[in-house]
Amino acid sequence: MIAASAKIHPLSVIEEGAVVGENVTVGPFCHVGPQVVLADEVTLMSHVVVLGRTSIGKGTRIFPQAVIGGDSQSVHHSALDTELRIGANCTIREGVTMNTGTREHGGLTEVGDNNLFLAYAHVAHDCKLGNDIILSNNVMLAGHVTVEDRAILGGGSAVHQFTRIGRQAFIGGLSAVSYDVIPYGMLNGNPGVLSGLNVVGMTRAGFSKPEIHEVRRAYLEIFEGPGNVRTNAEAIRERFADCRPVMEILDFIAAAKERALSSPHRGKKG
């Protein structure tokens with residue numbers, strides 16, 4: 001079903017069964033598969049391929065050579081009906097690839113709203129991305145990665161499968177992310193080492209200086225305290241109960257997940 005107000009270039013292919021919303025623009029040499037849903041005001045510039053059970057939210061723009069909704073690259077991919085959902089007002093630049101999920105792990109790759117994906121970034125099967133995220137050029141997310149709201153990943157960084165990247169974390173360019181990164185954390189290097197807090201990002205997000213100092217105090221007690229990280233985190237929970245960003249960090253640490261936690265020490269050589 002194609003809305004009457006949609007503008008489809010005659011050199012593009014929209015397969016029967018696709019749903020194309022109001023005021024959608026599809027430029028030349030695009031291919032839209034039969035299970036695709038393009039919400040209102042989506043733009044496919046040119047040479048864009050959208051496949052599989054893929055839905056793209058209102059106002060999202062996709063640039064040339066992007067391939068969206070392709071089969072998972074997992075060796076366990078069963079070719080069964082899996083899905084990719086992309087939210088509203090995302091910008092997906094040249095050559096970006098995003099895959100559907102795998103049936104063995106729920107079958108869904110999910111991307112939130114207002115995200116920016118720069119050229120040749122890759123979002124693999126079963127990833128879960130929040131809102132207002134930036135993936136810079138050539139960022140590579142392996143399968144099952146979780147990226148929370150407002151995180152920024154620098155160019156060429158690579159994220160190991162099942163890793164979590166917390167809210168408003170910052171990953172430096174060319175970093176190798178092998179372990180979970182706490183909310184507001186900053187990670188750099190290969191192997192990646194936690195190098196402090198994303199103070200610039202926190203300031204831009206409206207955190208006050210006293211709040212930032214409170215988070216810094218908690219950070220030092222968590223990673224430089226007498227016990228292991230999880231023990232230290234639980235020991236300060238009551239004392240920092242009124243500081244929301246600290247509680248986010250503590251809850252993130254307490255959650256049982258597949259990967260260990262990045263720290264200022266894990267991954268250092270020598």
Taking transitive links into account, so neighbours of neighbours count too, which hydrophobic residues share a cluster with Met140 at under 4.5 Å side-chain distance? none
Could you tell me which residues satisfy ring pair (Phe, Tyr, Trp, His ring centres under 6.0 Å) with Phe223, sequence neighbours excluded, listed by chain and number? Tyr219
Salt bridge (charged side-chain N to carboxylate O under 4.0 Å, His left out) contacts in which one or both residues fall within residues 228-238, not counting sequence neighbours: Glu234-Arg237, Arg237-Asp251
Mind checking side-chain contact (heavy atoms from CB on, under 4.5 Å) for Val75 and listing every partner two or more places apart, or none if nothing turns up? none
Show every donor-acceptor pair shorter than 3.5 Å between a side-chain atom in residues 149-161 and any protein atom, with sequence neighbours excluded, or say none if there are none.
residue	atom	partner	partner atom	Å
Asp149	OD1	Asn131	N	2.8
Arg150	NE	Gln168	OE1	3.4
Ser157	OG	Gly154	O	2.8

Ser195: which residues meet the side-chain contact (heavy atoms from CB on, under 4.5 Å) condition with it, sequence neighbours left out? Met186, Asn188
Which value, rounded to the nearest 0.5 Å, describes the distance between Ser262 atom OG and Ile182 atom CD1? 9.0 Å
Evaluate whether atom CZ of Arg204 has more than 12 neighbouring non-hydrogen atoms of other residues, nucleotides or ligands under 6.0 angstrom away. no
side-chain hydrogen bond (donor to acceptor under 3.5 Å, both in side chains) pairs, two or more places apart, involving residues 54-70: none
Checking one residue: Phe63. Which other hydrophobic residues are in its cluster under the side-chain 4.5 Å linking rule? Met45
From Cys127 SG over to Leu84 CG, what is the distance, rounded to the nearest 0.5 angstrom? 10.5 Å
Indicate every side-chain donor-acceptor pair of residues 207-214 with a distance under 3.5 Å to a residue at least two apart or in another chain.
residue	atom	partner	partner atom	Å
Ser208	OG	Glu211	N	3.3
Ser208	OG	Glu211	OE1	3.4
Glu211	OE1	Ser208	N	3.1
Glu214	OE1	Arg217	NE	3.4
Glu214	OE1	Arg217	NH2	2.4

Looking at NZ of Lys7 and OG of Ser12, how far apart are the two atoms once the value is rounded to the nearest 0.5 Å? 14.5 Å
Might you point out which heavy atoms bring Val111 and Met98 nearest each other, and give the distance in Å? CG2-SD, 4.3 Å
Enumerate the residue pairs fulfilling ring-ring contact (aromatic ring centres under 6.0 Å, His included) with a member in residues 230-249, sequence neighbours excluded, ordered by first and then second residue. none
Got a list of side-chain donor-acceptor pairs under 3.5 Å for residues 112-121, not counting sequence neighbours?
residue	atom	partner	partner atom	Å
Asp113	OD1	Ala88	N	2.8
Asn115	OD1	Asp132	N	3.0
Asn115	OD1	Ile133	N	2.7
Asn115	ND2	Gly112	O	3.2
Asn115	ND2	Gly130	O	2.9

Apply the side-chain hydrogen bond (donor to acceptor under 3.5 Å, both in side chains) test between Asp126 and each candidate in Thr102, Asn99, Thr82; give the one that qualifies. Thr102
Counting only pairs under 3.5 Å, give me each side-chain donor-acceptor contact of residues 28-44, with atom names and distances, residues two or more places apart or in other chains.
residue	atom	partner	partner atom	Å
His31	NE2	Glu15	OE2	2.6
Asp40	OD1	Glu22	N	2.8

